[in-house]
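Report on the following structure.
What you see below is based on every heavy atom in this structure, not just the backbone, and it leaves out hydrogens, waters and symmetry mates. Note on naming: letters A, B, ... go to the chains in the order of the sequence lines (proteins, then strands), and numbering restarts at 1 for each one.
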Protein chains: 2
Amino acid sequence: MDVTAQKNELPTLEDVAKAARVSTATVSRCLNSPDRVSESTKKRVMEAVRDLKYSPNFGARALAAKKTNTYGAVIPTMDNAIFARGLQAFQQVLVDNGATMLVASSAYDPEIEENQIKTLIARGADALLLIGTDRDPGIHEFLRDRNLPVVIAWACTTEPALSCVGFDNVEASRQLALKALDLGHREIAFLSAFTKSNDRARNRVIGARKALEERGLDPSSMPVVETKYSIRSAREAFGALVRRSPRPTLVMCGNDVLAAGAVQEARDMGLDVPGDISITGFDDIELATVIRPALTTVHVPHRKMGRLAAEVLLDQVRHNSGPRHITLDTHIVERASLGPAPALCRTASLPL
Amino acid sequence: MDVTAQKNELPTLEDVAKAARVSTATVSRCLNSPDRVSESTKKRVMEAVRDLKYSPNFGARALAAKKTNTYGAVIPTMDNAIFARGLQAFQQVLVDNGATMLVASSAYDPEIEENQIKTLIARGADALLLIGTDRDPGIHEFLRDRNLPVVIAWACTTEPALSCVGFDNVEASRQLALKALDLGHREIAFLSAFTKSNDRARNRVIGARKALEERGLDPSSMPVVETKYSIRSAREAFGALVRRSPRPTLVMCGNDVLAAGAVQEARDMGLDVPGDISITGFDDIELATVIRPALTTVHVPHRKMGRLAAEVLLDQVRHNSGPRHITLDTHIVERASLGPAPALCRTASLPL
DNA sequence: TTGTACGCGTTATCAA
DNA sequence: TTGATAACGCGTACAA
């Protein structure tokens, strides 16, 4: 046993009180409401604080004050540019307001998400950021019972007890599909992220179906393949989609990463994008601008969403204001990967 | 004042104890050392826990146990794939071990970093993950005094009190430069991230210089431009570098994002990569495989680094083991963006 | 195997 | 303006 490795005892309020020859209550006041303390003693106390390098114990403080100044966020994964970006903005606002962020990730697993939510609550989170709406309603109830401010991000909800800062995934996807239909595409396939427990992914498919229906096409005839969030999986899934007959003239992808994989695979198959086949993305991350052809995609204001989510939560906690429902605008960014549908007769002559 | 907005009282250990008709001590034991409790009572207690949706109060627990089971991480920004990826792995290991991660970001500012470190300590972090070695030595001292386990990631240190899980940035960059020199490149320029307070960026430049020197070239003649982490800035910086005379035949970039920007700009300038000019990256993120030409770059095991960092820290905290210094291997991934140096005579006939 | 009782470091109430 | 002192919720000797 290495005796030298014992953790040094940190100074406590009491140590400071002794050093400054005052009571612990006075020290506490000096730190929390300095105006209620005389200048002279304040000076003495602050000096002791500095001398001892005192820093208040968070646990004790949380226990006594029943407030932690901590905001929790549960996201599917940090290893996804859109969430990382949004969270960075979320945290920035919190830090600027003297608060702390606690992150946890759920790996897209509802059960893990539930656990993480409980963990964050146990740790005294004053409010929570959650992604999307797909979860056991019991959880929302649980949260409501606790009267804990919650903001849903990346999606909208009408649930009155919950705040949201999101956008309309269905509508955005529908608009994009309509644009493609206007370009003459009729054989449209969808390359989606897994839709189970993922309302964003599901709604993007739904939006496309809606557009088809509006134009008198059969929405159920649209082939949909679900795959995991990675370039490699996207390539495989794209391959499967393209080998179908009739071959799609457009593959809409649930996000830019999948679209990037699709573009790669298309090129490797000898298909010209968008000459032989069009591909669209969703999210508008940097990747979309960097590949060739650059992606036509839906621009989503990820940073703004993170920022607003923090502001909404801060407001609910600090000013006891009610839930807010914010729907942000998205817009289509036209780049090169979506073009007019190729003439039908070409289909037969294409490489495998 | 909205009376309905009062936070409901959370159930406590005592509530559970009452519901299960046992003492609080027994409930506590059920949760912390289940083997010291009989099956029958355990069952009863767990049921009560579920019924009441009980979840232990973190503050109280920390206070009583003098341990928070919390591991802090201070990174420059989450909005960078490599840190996001590493952190995700870091957190995964922690969660698997029943621990929690606390993240804070410093925005590459040493002063903010220092504050964040103190915040995390105040919040009872049992250990800390820090990126790189560039910081006021006073901080390391402070940490050592507190006997708080610290792991440095993305770089190595010989500081005996600190653990590290990193790789040799100098050496990796040197190897890449040597490979380029072997391909005949003599006019090499470096497009770097800001090197102030960033030992990783600085060491990558140093590695290239070292290689030049070994081959009898003047290292100080290598042009270096520093720019911020974004495609757009990289494009501008690349443009400036290329307009120099003699025009470089290779632009080494401090990371893949900068390299992606460089490749884009080169193509827009009508330069063939690597025919007219070669470009290399560093990190090997997905982006590197997706752009054309794909990047020749240095592969860094980001996830593994995060995983190991967590394991090292867990080990130090739970088994009181000493600091460990782990150096991971990197390797060059040869793709298309680095080719042989073009013949000198071509220089004059190039566009622009 | 289970229960009793104390202490952890802070805030907040009430007197002085 | 200051000082006692009672919570806050949990872990853990120690006792039963």
Side-chain angles (χ1 to χ4, degrees), chain A residues 7-46 48-49 52-70 118-119 121-126 146, chain B residues 6-46 48-49 52-70 98 121-126 146:
Chain A
K7 200 180 261 189
N8 291 344
E9 295 303 324
L10 295 177
T12 72
L13 245 204
E14 199 175 344
D15 296 328
V16 177
K18 271 179 191 151
R21 315 182 124 262
V22 295
S23 73
T24 59
T26 301
V27 179
S28 175
R29 273 187 293 258
C30 274
L31 268 34
N32 300 307
S33 32
D35 1 324
R36 308 182 69 80
V37 152
S38 79
E39 279 305 323
S40 56
T41 56
K42 198 191 311 188
K43 201 165 190 172
R44 212 153 20 106
V45 170
M46 286 320 206
V49 167
L52 298 175
K53 302 190 179 179
Y54 168 78
S55 153
N57 178 300
F58 172 78
R61 188 173 249 189
L63 197 54
K66 299 195 161 199
K67 225 172 186 287
T68 60
N69 221 6
T70 296
K118 289 197 175 144
T119 303
I121 291 180
R123 299 185 67 96
D126 290 339
R146 295 227 168 337
Chain B
Q6 289 172 358
K7 201 180 260 189
N8 289 346
E9 296 303 323
L10 296 177
T12 72
L13 245 205
E14 199 174 342
D15 297 326
V16 177
K18 272 179 190 149
R21 317 183 124 262
V22 295
S23 73
T24 59
T26 301
V27 179
S28 175
R29 272 187 291 257
C30 274
L31 268 35
N32 301 307
S33 34
D35 1 323
R36 307 182 71 79
V37 154
S38 79
E39 279 305 322
S40 56
T41 57
K42 198 191 310 186
K43 201 164 190 172
R44 209 151 26 103
V45 170
M46 286 321 204
V49 166
L52 299 175
K53 304 190 182 181
Y54 168 77
S55 154
N57 178 296
F58 168 76
R61 191 173 244 190
L63 200 52
K66 297 198 158 199
K67 227 168 182 288
T68 61
N69 224 3
T70 295
I121 291 180
R123 298 182 71 91
D126 289 339
R146 293 225 165 338

Task: All pairs passing salt bridge (charged side-chain N to carboxylate O under 4.0 Å, His left out) where residues 30-41 of chain A contributes a residue, at least two apart - done: A:Glu39-A:Lys42

Considering all heavy atoms of both residues, which atom of [X] and which atom of [Y] are nearest to each other, and what is their separation?
X        : Y       : answer
A:Thr24  : A:Glu14 : CG2-CA, 3.9 Å
B:Val37  : B:Thr26 : CG2-O, 4.2 Å
B:Pro11  : B:Asp15 : CA-OD2, 3.2 Å
B:Ala19  : B:Ala48 : CB-CB, 4.0 Å
B:Asp126 : B:Asn69 : OD2-N, 2.6 Å

Open item on the list: So B:Arg61 and B:Leu13, do their side chains get closer than 4.5 Å, heavy atoms only?
Closed with: no

TODO: For the residue pair A:Leu31 and A:Met46, establish whether any side-chain heavy-atom pair is separated by less than 4.5 Å.
DONE: yes

TODO: Take the C1' atoms of the five end pairs on each side of the helix from C:dT1-D:dA16 to C:dA16-D:dT1, get both axes, and report the angle to 10 degrees.
DONE: 30°

Identify whether any heavy atom of [X] sits under 4.0 Å from a base atom; if not, whether one sits that close to sugar-phosphate; answer base, sugar-phosphate or nothing.
X       : value
A:Tyr54 : sugar-phosphate
A:Leu13 : base
A:Val22 : sugar-phosphate
A:Ser38 : sugar-phosphate

Task: 5' to 3' contact window, DNA chain D with chain B (heavy-atom distance under 4.0 Å) - done: D:dG9 to D:dT12

Open item on the list: Can you work out whether B:Ala65 or B:Asp35 has the more 5'-proximal nearest nucleotide on DNA chain C?
Closed with: B:Asp35

Task: A:Lys118, NZ atom: more than 12 neighbouring heavy atoms under 6.0 Å - done: yes

Open item on the list: Both B:Arg29 and A:Ala60 contact DNA chain D. Which one's nearest nucleotide lies toward the 5' end?
Closed with: A:Ala60

TODO: Hey, which sits more toward the 5' end of DNA chain D by its nearest nucleotide, B:Ala25 or B:Gly59?
DONE: B:Gly59

TODO: Apply salt bridge (charged side-chain N to carboxylate O under 4.0 Å, His left out) to B:Lys43 and list each qualifying residue two or more places apart in sequence or on a separate chain.
DONE: none

Open item on the list: What range of DNA chain C does chain A touch, first nucleotide to last, counting atoms under 4.0 Å from its heavy atoms?
Closed with: C:dG9 to C:dA12

Identify every side-chain donor-acceptor pair in residues 52-59 of chain A under 3.5 Å, counting partners at least two apart or on other chains, and give the distances.
| residue | atom | partner | partner atom | Å |
| --- | --- | --- | --- | --- |
| A:Asn57 | OD1 | A:Gly59 | N | 2.8 |
| A:Asn57 | OD1 | A:Ala60 | N | 2.8 |

